[in-house]
Every structure is written in structure tokens, then in C-alpha cells.
Number of protein chains: 2
Amino acid sequence: MMTEERARQLEDALRNAGVRVTRQRAALLRVIASSDDHPDAAELHARAEAAGAGVSLATVYRTLTTLQAQGVIDKLEFRGEPARWEAADQSHHDHIIDVETGEVIEFTNQRIERLQAEIAQELGYEIVHHRLELYVRRVKEK
Amino acid sequence: MMTEERARQLEDALRNAGVRVTRQRAALLRVIASSDDHPDAAELHARAEAAGAGVSLATVYRTLTTLQAQGVIDKLEFRGEPARWEAADQSHHDHIIDVETGEVIEFTNQRIERLQAEIAQELGYEIVHHRLELYVRRVKEK
DNA sequence: ATACATGCAAAATGTTTGCATGGCA
DNA sequence: TGCCATGCAAACATTTTGCATGTAT
């Protein structure tokens, strides 16, 4: 799924922004570009290692911070768990978390987005960022 | 603001539920009943100490867990920060966080609540709990 | 060449826990 | 009295950082 192509695009973007593309960063970009789930730092480290990358966990953390600053990835912080990360090239969405399986589903709803903006505006604020998470359970058929 | 009365109500409720009301728990109940903000464990500990309670931080944590299990307080987990707590006797609401001042404002919007339920339902889920946080900045007048 | 990135180990942070002791019901 | 709660210190889990060394540009 074009992982390599996407990774190269991102490398160029980083270099243009004056960020060095090291062996470790290149490896992590590929792990991220080929992941369509929401891994945490330890999981990303494991995947990089599995790919033979040779990256320390400290560097994984530093790289995630850097990539977030560059807008390449987004940080997700669910209840109590370690932070998870996802590629940022997708369009904005919120998350539904199945409390029984831990599965994460993405969704957006324009009406909700609009209502949020209205609420903030009425109070004299503008929204910098928001977080909407629905913790759900599968409905039992009977 | 009826702190003492409220604290006694809560003590009775705890005893009825078979939870012992110790000196430490009684002190923390009073701190919680008299707080209308969203303090974290360390802050609650500090307030209890300031009131001359003599409670260890470990006990604060254990008590918060207990009170949450009893439905007396709710746990709030904002981005990265330590968990904060609030009295649960209030009606449901979401939070607006001013990213510049850290100030937290409560709000609810029935239309948003309804839309959330609809979204979950369409996917075959029922909502167990949700979290909606708007991270905002005050709009500058010009 | 040089500024920046890395690895390692240690530190920081927030929270939990084992165990001996204390105290509510 | 008996079971549960407490305090203390140690353990934990996640993340950050100081410092010597390595490396992309």
C-alpha cells in the first residue's frame, strides 16, 4: 500500500523543514506509514526492531515528539493507557473505543463538529483542538 | 455552602455500603465537598494536610479509588496531566479547557449528547461512557 | 565541520502495592 | 474482636533527560 512512496514523501518534507533524516527516523517513518492502527511507543519500537531497525526506545520517544511537531503524526491519549499514535495524513476524526475488546473505530460527524464550534464561540473562545471519545459496548441481540 | 452537611450524607452512604468511615476518609470527603474545581491527587493531599488531616498520599490514592467505586467522585483524565477528580453529585457535563490558563469550564449540550447516542447505535453499540473536551483559546478582540 | 541526533543509564512523574501496624464497626 | 484501612518504602509503568559519542548535511 505505497508505504515506501509515502515514507519518501515524508522524508522530503522533513528535510525541507530542516529536520535530519537519520537511519532511525527513516525506519520509524516506514513503520508508521505501514501501520493503520493506533500503536503506542513500545509497540512502534517492537515493530521497528522486528524490521531490523536498531533503534532505542528513547529515540522512539524523541522521534515521536519530533514527528508530532512536524505534523506527521497525532498523539492519542485514551483513559489511563500509554499514549498511542497515528499517521496524520488522514482527515480529522474522533474515536469510538470498545471497552470490552479495546478496538478503536474512527468516525466524524459534521453536526457535532459544528455544534462544538458554536458552543466555544458563544463563550468567547475558539477551538484549538478537541477530543471526543465514545466508550462503548456491543449491543446484545436478544 | 453546606459542606459539613454534604459530608455527613456521604459518610452515611458509605457506611450503608459497608465502607468504613475512617478519620482520613472523613477528612477527604470534606475536602472534596468543599472543592468546586478539579484538583488532582497531590492537590487534594495538600488541601487535606492544610486542614490538619494527617493523611498519606498513598491513602489519598486508595481513597479516591474507593470513592469512585462508590460513585461519590468522577475521575477526569485530560491530556497528559495527572488525573483530576470532581464530586459526582452534579449532573453530567463535558469540559472546556483553556489551553493558555488551564482553566476548566463545564458545559452540556443535549444535541451533542443525542448525536453521540445515534452514532453509536448505528454501529451496533451502546455508549458506556464518553468524553468530550474542547481545548480552546480566548478570541482576541480587535 | 558542526550542529544536531543517538544510546545508555539514570531520573522524573504519577500511581500502585507488600507488609507490619492501627482502628472502625 | 476481626476485618479492613493505613503508613511507609519499595515497586511500577511511562516518559524524559544528561552526557559522551556518532552522523547527516
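Letters go in sequence order (proteins before strands), and every chain restarts at 1.
- In this structure a side-chain-to-backbone donor-acceptor pair under 3.5 Å is present from A:Glu49 to A:Gly54.
- If you measure from atom OH of B:Tyr61 to atom C1' of C:dG18, you get 19 Å, rounded to the nearest angstrom.
- Listed pair B:Thr59 / D:dG7 meets the phosphate criterion, a side-chain N or O lying under 4.0 Å from OP1 or OP2.
- Checking side-chain atoms of A:Arg23 against main-chain N and O of A:Ala53 turns up a donor-acceptor pair under 3.5 Å.
- Side-chain N or O atoms of A:Arg20 include none that pairs as donor or acceptor with a backbone N or O of A:Arg25 at under 3.5 Å.
- When the P atom of D:dA13 is taken as reference, atom NE2 of A:His45 falls 17 Å away, rounded to whole Å.
- One can place CG of B:Asp40 at 13 Å from P of C:dT16, the figure rounded to the nearest angstrom.
- A:Glu77 places its CD atom 8 Å from the P atom of D:dT15, with the value rounded to the nearest Å.
- A donor-acceptor pair under 3.5 Å is formed between the side chain of A:Arg30 and the backbone N or O of A:Ala26.
- From B:Leu134, atom CG reaches atom CG of B:Asp94 across 7.5 Å, with rounding to the nearest 0.5 Å.
- Atom pair A:Glu43:CD and D:dT14:P shows a separation of 13 Å (rounding to whole Å applied).
- Over its length, the helix from C:dA1-D:dT25 to C:dA25-D:dT1 turns its helix axis by 40°, as judged from the five terminal pairs at each end, rounded to 10°.
- A:Arg131 contributes a side-chain N or O that, together with a main-chain N or O of A:Glu77, makes up a donor-acceptor pair within less than 3.5 Å.
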Determine, for nucleotides 20-25 of chain C in 5'-to-3' order, which nucleotides have protein heavy atoms under 4.0 Å from the base (write B), from only the sugar-phosphate (write S), or from neither (write -). ---BBS

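- Distance B:Glu81 CD to D:dT15 P: 16 Å, rounded to the nearest Å.
- Nearest heavy atoms, A:Leu44 versus A:Leu28: O-CD2, 4.4 Å.
- The two atoms that bring A:Asp74 and A:Ala88 nearest to each other are OD2-CB, 3.7 Å, heavy atoms only.
- Proximity of the aromatic rings of A:His95 and A:Phe78 is defined here by a centroid distance below 6.0 angstrom, and this criterion is met.
- In this structure, CG of A:Leu57 is placed 11 Å from C1' of C:dG7, rounded to the nearest angstrom.
- If you measure from atom CZ of A:Arg62 to atom P of D:dC19, you get 13 Å, rounded to the nearest angstrom.
- Along DNA chain C, the nucleotide nearest to B:Ala83 and the one nearest to A:Gly54 differ in position, and the one closer to the 5' end is contacted by A:Gly54.
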